[in-house]
Amino acid sequence: MCGIVGYVGKKKASPILINGLLKLEYRGYDSAGIATIENGNIFCIKNKGRVKELQNSKDIDKLNSTIGISHTRWATHGKPSSANAHPHLDCHKNFAVVHNGIIENYIELKNFLINAGYSFSSETDTEVIPNLIDYYYSIDKESGPDKFVNAVHKAILDLKGSYAIAVLSKYEPDTIIVARKDSPLVIGINNDEKFIASDIPAILDYTNNIFILDDGDLVKITQNNLTFYNKNLEKIDKKSKIITWDAKSSDKGNFEHYMLKEIYEQPTAIRETIGTRIVPNKKCDFSDINISKSYLSEISRIYIVACGTAMHAGVCVKPIFEKLTNIPVEVDIASEFRYREPLIDSHTLIICISQSGETADTIAALKNAKANGSKTIAISNVIGSSITREADYTLYTHAGPEIAVASTKAYTSQITLLTLLAIHFAEVLDLPKTEIIDSLKNELLEIPSKANIILENVDAIKDFAKKICKETDIFFIGRGLDYAAAMEASLKLKEISYIHSDSYQSGELKHGPIALIEEDVTVIGIITDRRLLDKSTSNLQEVISRGAKTLIITNQDVDKKAFPYIYNIPKIHPFLSPILSIIPLQLLAYYVAKEKGLDVDKPRNLAKSVTVE
Ligand code: AGP
């Protein structure tokens with residue numbers, strides 16, 4: 001996911017632009033660039049590599065302008081290189097553009113522009129945008145005040161795909177124009193300064209008064225004015241929001257990595273996500289969505305749709321929804337769901353989970369579902385994110401900004417919120433589930449303190465991380481919700497340590513995977529369901545007898561003589577066990593990656609939010 005930062009105001013732009021890009025590094029990128037207007041001309045510096053290299057480049061001191069745009073690129077079309085880095089200028093160097101998204105019809109547009117006499121210097125889809133803007137500007141014979149606005153508007157009407165763009169023009173050196181469709185963009189205001197960013201943390205150091213743009217919005221920005229237009233270029237009013245979390249909460253604090261900080265923030269994130277929804281001796285408070293008994297009574301199936309860790313959170317709550325609501329639940333990977341023509345109608349309810357709220361596959365799946373008559377609920381951690389604009393209903397986890405690419409506190413907060421939603425549905429339906437509902441409510445309230453017990457006992461995890469950090473294959477096994485947690489534990493390990501890892505249902509080992517077990521292979525078992533204790537421990541004994549070394553994460557009485565490494569977690573309702581069992585395994589993944597000296601917060605090839613297909 002690319003990063004965009006823009007500024008127009010009274011200060012030198014380049015330090016603000018660079019600082020903003022540094023705040024967006026967590027999104028993953030391969031190159032960075034900046035453009036300002038110096039003495040009436042566009043001046044651009046861009047390179048493959050890190051923002052620091054841009055900051056230390058010899059030309060940065062030539063940037064004295066108080067207006068500029070900047071970008072971190074995560075390559076989609078064209079390899080990481082200086083030529084492909086943003087900002088991109090038209091071949092006449094009249095306009096500069098930074099872009100987040102994909103222009104699906106760029107080849108057609110490129111051919112049109114080449115025939116119109118334009119030339120190109122990159123392999124990117126983005127480069128068609130500044131050239132299109134220059135084309136429309138050049139053929140517009142009016143010299144009205146909005147020639148720049150009109151040229152950008154005409155250009156984006158030709159674009160198919162997704163975009164968030166910021167545009168500079170040498171013709172209007174005090175103006176930045178921005179527009180968005182399917183990729184996020186915000187504007188921050190602070191007296192006579194204006195800030196632009198693809199994500200709020202980039203500008204929180206300067207302002208918390210933020211406009212969150214909607215699809216189709218186009219905005220003309222000068223130091224003292226904002227003019228909002230809709231997709232028909234009609235002027236519109238927009239209201240800003242005051243962002244309550246501060247820049248500090250998106251800094252690392254005393255932690256070496258964002259990921260470790262966010263693992264340790266889980267008790268607070270869970271407590272904040274519960275918030276005031278659990279009301280003693282009353283039904284849960286879900287006044288932020290108004291789902292009626294008559295509607296829910298007609299629902300024949302719930303689909304939970306997401307990607308990666310968010311999908312794993314869905315797997316964790318499937319049995320909870322089914323037990324409490326008696327409604328069948330299917331959990332689907334969004335990139336599959338959107339193409340497999342699922343059976344959707346007004347009697348299905350789609351719950352889409354997305355921490356960032358910007359995951360292209362999940363948003364597309366939600367749109368498909370709406371188009372087929374289903375109501376949709378978005379579960380997101382980012383206020384005003386794209387998915388929240390598409391969904392019929394939105395519920396927010398309140399985990400605070402999750403910066404590390406590897407999702408941790410969002411996952412446990414998603415399970416928490418979805419458990420509460422399942423309780424809410426049962427209460428709306430007036431189903432006779434009082435005993436289990438009361439038990440779950442009480443146990444949810446105990447989770448933060450139980451999570452802290454784990455977070456205060458990490459030495460054994462650190463030691464085991466040292467033992468396995470040189471392994472090439474590591475397996476996670478479990479039954480039922482322990483398998484759901486094993487799926488997430490495996491993803492955590494592989495995405496930050498680059499060790500091949502897999503998760504298996506314990507009962508499935510003997511149907512093939514046990515062929516992989518040989519001397520010294522590492523198998524990590526999760527056992528929190530007392531009903532399955534004997535079966536699960538015998539599965540682990542099977543792998544030990546074939547030479548495997550094991551670690552067991554459990555809150556049951558496991559035979560200490562039979563298993564050398566046992567990590568005990570606090571007891572909890574089996575439905576809520578993945579919220580606790582994952583914490584030592586998040587820490588294990590973290591310490592293995594740290595032992596290997598890897599970039600824990602920004603793992604190779606990954607982005608914090610996958611806004612492209
Ligand atoms: C999780 O650690 C990964 N970073 C990834 O699987 C992530 O969960 C997935 O891309 C979904 O992101 P979202 O929740 O922002 O939609």
Side-chain angles (χ1 to χ4, degrees), residues 1 26-28 74 182-184 198-199 201 257-260 262-263 266 269 273 304-317 331-338 350-367 376-388 390-391 394-397 399-415 417-418 484-485 487-498 501 503 578 582-583 585-590 593 598-613:
M1 186 173 182
Y26 69 88
R27 298 152 72 99
W74 188 66
D182 292 342
S183 291
S198 40
D199 202 358
H257 296 103
Y258 281 111
M259 183 179 177
L260 190 60
E262 290 152 11
I263 289 171
Q266 290 183 110
T273 296
I304 298 177
V305 181
C307 301
T309 290
M311 185 274 288
H312 294 157
V315 176
C316 290
V317 297
V331 182
D332 247 308
I333 290 172
S335 55
E336 294 295 309
F337 181 82
R338 62 185 292 202
I350 313 296
I351 300 175
C352 286
I353 311 169
S354 178
Q355 186 286 132
S356 64
E358 302 301 342
T359 300
D361 283 321
T362 309
I363 293 170
L366 184 141
K367 287 180 176 177
T376 56
I377 299 177
I379 305 289
S380 185
N381 194 45
V382 177
I383 291 174
S385 56
S386 298
I387 203 165
T388 66
E390 294 296 338
T394 292
L395 292 171
Y396 287 109
T397 50
E402 188 176 73
I403 306 299
V405 165
S407 183
T408 51
K409 62 178 182 175
Y411 168 76
T412 47
S413 300
Q414 286 157 359
I415 298 172
L417 179 57
L418 285 159
M487 291 167 75
E488 174 56 14
S490 175
L491 175 62
K492 284 286 90 51
L493 182 73
K494 73 181 80 169
E495 70 175 325
I496 64 171
S497 75
Y498 314 152
S501 163
S503 56
I582 197 61
I583 296 175
L585 297 173
Q586 293 167 338
L587 289 164
L588 182 67
Y590 171 78
L598 297 172
D599 189 344
V600 173
D601 287 332
K602 299 189 289 297
R604 68 186 181 199
N605 306 338
L606 296 180
K608 181 56 184 171
S609 173
V610 185
T611 58
V612 297
E613 277 200 47

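For reference, positions follow the sequence shown, starting with 1. Both ligands and their constituent atoms are indexed starting at 1 by order of listing.
A side-chain donor from one of Ser386 and Glu358 sits under 3.5 Å from a side-chain acceptor of the other. One side chain, Lys492 or Thr309, offers a donor N or O that lies under 3.5 Å from an acceptor on the other. Defined by atom type and a distance below 3.5 Å, a donor-acceptor pair is missing between the side-chain atoms of Thr397 and Ser413. Looking only at atom types and distance, the side chain of Glu390 has no donor-acceptor partner in the side chain of Thr376 under 3.5 Å away.
Nearest protein heavy-atom neighbour of atom 6 (O) of ligand 1: Gly308 CA, 3.2 Å. The nearest protein atom to atom 10 (O) of ligand 1, hydrogens excluded, is given as Val610 CG2, 4.3 Å; this is a heavy-atom distance. The protein heavy-atom contact nearest to atom 16 (O) of ligand 1 is Thr359 OG1, 2.5 Å. Scanning the protein heavy atoms around atom 11 (C) of ligand 1, the nearest turns out to be Cys307 O, 3.5 Å. Among protein heavy atoms, the minimum distance from atom 15 (O) of ligand 1 is reached at Ser356 OG, 2.7 Å.
Of all heavy-atom pairs spanning Tyr411 and Ala484, the tightest one is OH-O, 4.3 Å. The shortest non-hydrogen separation linking Gln355 to Ala410 is CG-CB, 3.3 Å.
Here the side chains of Ile387 and Cys352 are in contact, with some heavy-atom distance below 4.5 Å.
Polar contact with ligand 1: absent for Lys608 (N/O pair, distance under 3.5 Å). Checking only distances, Val405 does come within under 3.5 Å of ligand 1, N or O to N or O. Residue contacts with ligand 1: Thr362 is placed with no nitrogen or oxygen under 3.5 Å of a nitrogen or oxygen of the ligand (distance criterion only).
Those atoms of ligand 1 that come under 4.0 Å of a heavy atom in Ser407, given as number and element, are 1 (C), 2 (O). Applying the 4.0 Å criterion to heavy atoms of Thr309 picks out, from ligand 1, the atoms 1 (C), 2 (O), 6 (O), 8 (O). Close approach of ligand 1 to Ala406 is summarised as follows: ligand atoms under 4.0 Å from at least one heavy atom of the residue are 2 (O). Contact atoms of ligand 1 toward Glu495: 1 (C), 2 (O), 3 (C), 4 (N) (distance under 4.0 Å to a heavy atom of the residue). Per-residue contacts place Gln355 under 4.0 angstrom from the following atoms of ligand 1 (heavy atoms of the residue considered): 13 (P), 14 (O), 15 (O), 16 (O). Near Ala310, with a cut-off below 4.0 Å to any heavy atom, the atoms of ligand 1 are 8 (O), 14 (O).
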Taking it one step at a time, do Ile403 and Asp601 satisfy side chain to side chain contact (heavy atoms under 4.5 Å, CB included)?
-> CA-CA 8 Å; Ile403 306 299; Asp601 287 332; over 6 Å; no
Check the pair Ile351 / Ile379 against side chain to side chain contact (heavy atoms under 4.5 Å, CB included), numbers first and verdict last.
-> CA-CA 7 Å; Ile351 300 175; Ile379 305 289; 3.9 Å; yes
Begin with the C-alpha distance, continue with both residues' side-chain angles, and end with the deciding distance and a verdict on side-chain hydrogen bond (donor to acceptor under 3.5 Å, both in side chains) for Ser380 and Thr388.
-> CA-CA 7 Å; Ser380 185; Thr388 66; over 6 Å; no
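Heavy atoms of Glu358 found under 4.0 angstrom from ligand 1: none, in either backbone or side chain.
Judged by distance alone, the side chain of Tyr590 and the main-chain N or O of Ile263 form no donor-acceptor pair under 3.5 Å.
In this structure, Lys492 is part of the shell of residues with a heavy atom less than 4.0 angstrom from ligand 1. Not close to ligand 1: Ser609, with no non-hydrogen atom less than 4.0 angstrom away.
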